[in-house]
Amino acid sequence: MGEMKTITVELKERSYPVYLQRGGLRELGRLYLEHGLGGRAAIITDRTVEKLYGPLALKGLKEAGVDAQLIPVPAGESSKSLEWADRLYTRLIWGGFDRDCTVVALGGGVVGDLAGFVAATFLRGIRWVQVPTTLLAQVDAAIGGKTGINHRLGKNLIGAFHQPQFVLIDPQLLESLPERERWSGLAEVVKYGLIRDERLFERLETQLEALARLEDVKALEGVIARAVEIKAEIVSEDERERGIRALLNFGHTVGHALEAASRYQRFLHGEAVAWGMRAEAWLSQKRGGLSPQEFERVLKLLRRFPQGERPEGLDKETLMEYIYRDKKARRRTLYLVLLRGLGGAELVAVGEDEVRQALEFLVS
Ligand SMILES: NC(=O)c1ccc[n+]([C@@H]2O[C@H](COP(=O)([O-])OP(=O)(O)OC[C@H]3O[C@@H](n4cnc5c(N)ncnc54)[C@H](O)[C@@H]3O)[C@@H](O)[C@H]2O)c1
Ligand SMILES: [Zn+2]
């Protein structure tokens, strides 16, 4: 078992620690008690994660004297629905869970968003903790208190801000994660490097494949820690995304359009973001925010990602429609996160013709 590292998300009375430790899942019971979470625990998970880690999570809590119970939902995005939230409310009510109980979200971003939403709304909000089990959730989704579910008219349209009591990251859990999912999570790490930390970007340049293939677990832990620090800093400055938190959307305006235009079937989230970053880096370079050399470095790193799913063949005008449907589009003026050097970013108004050219660069 590795050493435990603690990173704090500073939010005044809502501040909380993110614990990072190889093998840390074994500490869940101890941390639960240390945080004064005395009541019963509802471990919300998905069926895949339940099989892999449910017994260990349950045992840890029970050995600490906590009355805990596993509540699984099917794996996959379709569980992030009002229907599944409703089923979870029913389980909690039938199970006699009261205001003193705690939700433990054990899983990837889907479980985190759904369980967090249920915790935010059940009995007007109960306490919860996050145990993210995908790389994407460890470096991104589990930090910052955004919870939510999908509506048939769009993703993440229903939700709440609800900060957890603590987050426990155990990088060892990534050993069972399919490599494709690890690459998807790494795309978000590239994003952090590009918008905020050139050194992190350089670490990825030297170690990308070793990180994805878990050949260097120490390096991976270091990269996860740095990503969590960056996300924690940004969330501390801007919990409700009124300003700087929007910079986390680098690569996402185009990325979300790629996901939507392919009906969420073709790309994993990080894969779409990796393509989106290419297009948005192209725009950054066109606007003079990146030098040709810097732009080439970005492309070179992103070309090392698996190229299985590509945006070619997607209709440009359909993509334009989705881009302008994005939350950040006010009338036909689009505000995009563009890079200012490697490690810096800003929100910039971009013309429609330039966006079209960026898509041309991507899909041709
Ligand atoms: N709240 C936020 O700030 C935020 C940020 C980014 C993304 N998200 C949300 O996160 C979701 C995507 O999250 P995700 O990429 O983690 O997907 P996911 O939760 O669907 O997990 C991906 C797959 O991996 C499986 N899995 C999880 N952990 C595993 C493990 N350790 N070993 C083997 N298999 C494992 C899951 O069962 C699932 O099939 C999206 O719904 C997105 O909207 C939320
Ligand atoms: Zn993302």
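Counting convention: from 1, in listed order, for ligands and their atoms alike. Nothing fancy with the numbering, it's 1 onward along the sequence.
Checked by distance only, ligand 1 and Lys146 come closer than 3.5 Å through their nitrogen or oxygen atoms. Considering backbone and side-chain N/O of His269, none are found under 3.5 Å from N/O of ligand 1. Polar contact check, Tyr53 against ligand 1: no nitrogen or oxygen pair lies under 3.5 Å apart. Polar contact with ligand 1: present for Thr133 (N/O pair, distance under 3.5 Å). Ligand 1 has no nitrogen or oxygen under 3.5 angstrom from a nitrogen or oxygen of Ala137. Where the criterion is an N or O separation shorter than 3.5 Å, residue side chain and backbone included, Asp140 fails it with respect to ligand 1. Backbone and side-chain nitrogen or oxygen atoms of Val110 are examined, and one is located within less than 3.5 angstrom of a nitrogen or oxygen of ligand 1.
A heavy-atom separation below 4.0 Å is found between Lys155 and ligand 1.
Using a 4.0 Å cut-off between charged side-chain N and carboxylate O, Lys146 and Glu239 make no salt bridge. Salt bridge absent: Lys300 and Glu296 never bring a charged side-chain N and a carboxylate O closer than 4.0 Å.
The heavy atom nearest to atom 14 (P) of ligand 1, out of those in Ala142, Gly109, Ser184, is found in Gly109. For atom 9 (C) of ligand 1, the choice among Asp170, Asp113, Leu114, Ile143 with the nearest heavy atom turns out to be Asp113. Between Gln130, Lys51, Glu77, Gln138, it is Glu77 that holds the heavy atom closest to atom 40 (C) of ligand 1. Between the choices Asp46, Val273, Val139, the shortest heavy-atom distance to atom 37 (O) of ligand 1 belongs to Asp46.
Aromatic pair His162/Tyr16: ring centres not closer than 6.0 Å.
Classification of the Phe361-Trp282 ring pair by plane angle, with boundaries at 30° and 60°, yields parallel.
For His252, the N, O or S atom with the smallest separation from the Zn ion (ligand 2) is NE2.
Geometrically, Arg196 does not engage Tyr192 in a cation-pi contact defined by less than 6.0 Å to the ring centre and at most 45° from the axis. With a 6.0 Å cutoff to the six-membered ring centre and a 45° limit on the axis angle, Arg278 counts as a cation-pi contact of Trp275. Taking the centre and axis of the six-membered ring of Trp94, the NZ or CZ atom of Arg91 falls outside the cone set by 45° and 6.0 Å.
Of all the atoms in ligand 1, the ones that sit under 4.0 Å from a non-hydrogen atom of Leu173 are 30 (C), 31 (N). Set against the non-hydrogen atoms of Ser176, the atoms of ligand 1 under 4.0 Å away are 30 (C), 31 (N), 32 (N), 33 (C). Counting atoms of ligand 1 from 1 in the listed order, those under 4.0 Å from a heavy atom of Ala75 are 37 (O), 39 (O). Heavy-atom contacts of Leu136 reach the following atoms of ligand 1: 7 (C), 12 (C), 13 (O), 14 (P), 15 (O) (cutoff under 4.0 Å). Here is the list of ligand 1 atoms found below 4.0 Å of a heavy atom in Leu177: 24 (O), 26 (N), 28 (N), 29 (C), 30 (C), 32 (N), 33 (C), 34 (N), 35 (C). Near Thr134, with a cut-off below 4.0 Å to any heavy atom, the atoms of ligand 1 are 14 (P), 16 (O), 21 (O), 27 (C), 28 (N).
Checked by atom type, the side-chain pair Asp170/Gln21 shows no donor-acceptor distance below 3.5 Å.
Of the possible donor and acceptor atoms, one in the side chain of Glu271 sits under 3.5 Å from a partner among the backbone N and O of Leu268.
Heavy-atom contacts from other residues, nucleotides or ligands closer than 6.0 Å to CZ of Arg303 number more than 12. Enclosure of atom CD in Glu3 is not indicated, since only 12 or fewer non-hydrogen atoms of other residues, nucleotides or ligands lie within 6.0 angstrom. Within 6.0 Å of CZ on Arg26 lie no more than 12 heavy atoms contributed by other residues, nucleotides or ligands.
In terms of protein heavy-atom proximity, atom 43 (O) of ligand 1 is closest to Lys80 NZ, 3.0 Å.
By the criterion of a heavy-atom distance under 4.0 Å, the side chain of Glu181, and not its backbone, is placed next to ligand 1. Of the heavy atoms in Leu52, only side-chain atoms (C-beta onward) come closer than 4.0 Å to ligand 1. Within the 4.0 Å heavy-atom criterion, the part of Val49 lying near ligand 1 is the side chain and not the backbone. Only the side chain of Asn156 comes within 4.0 Å of ligand 1, counting heavy atoms alone; its backbone N, CA, C and O stay farther away.
You'll find the side chain of Val228 stays beyond 4.5 Å of the side chain of Val167, heavy atoms only. Between Leu248 and Lys231 the shortest side-chain heavy-atom distance falls below 4.5 Å. Looking at Val337 and Thr253, their side chains never come closer than 4.5 Å, going by heavy atoms from C-beta outward.
Distances from atom 25 (C) of ligand 1 to the protein include no heavy-atom value under 4.0 Å.
Rounding to 10 degrees, one finds that the Zn ion (ligand 2) sits at the corner of an angle of 90° between Glu188 OE2 and His269 NE2.
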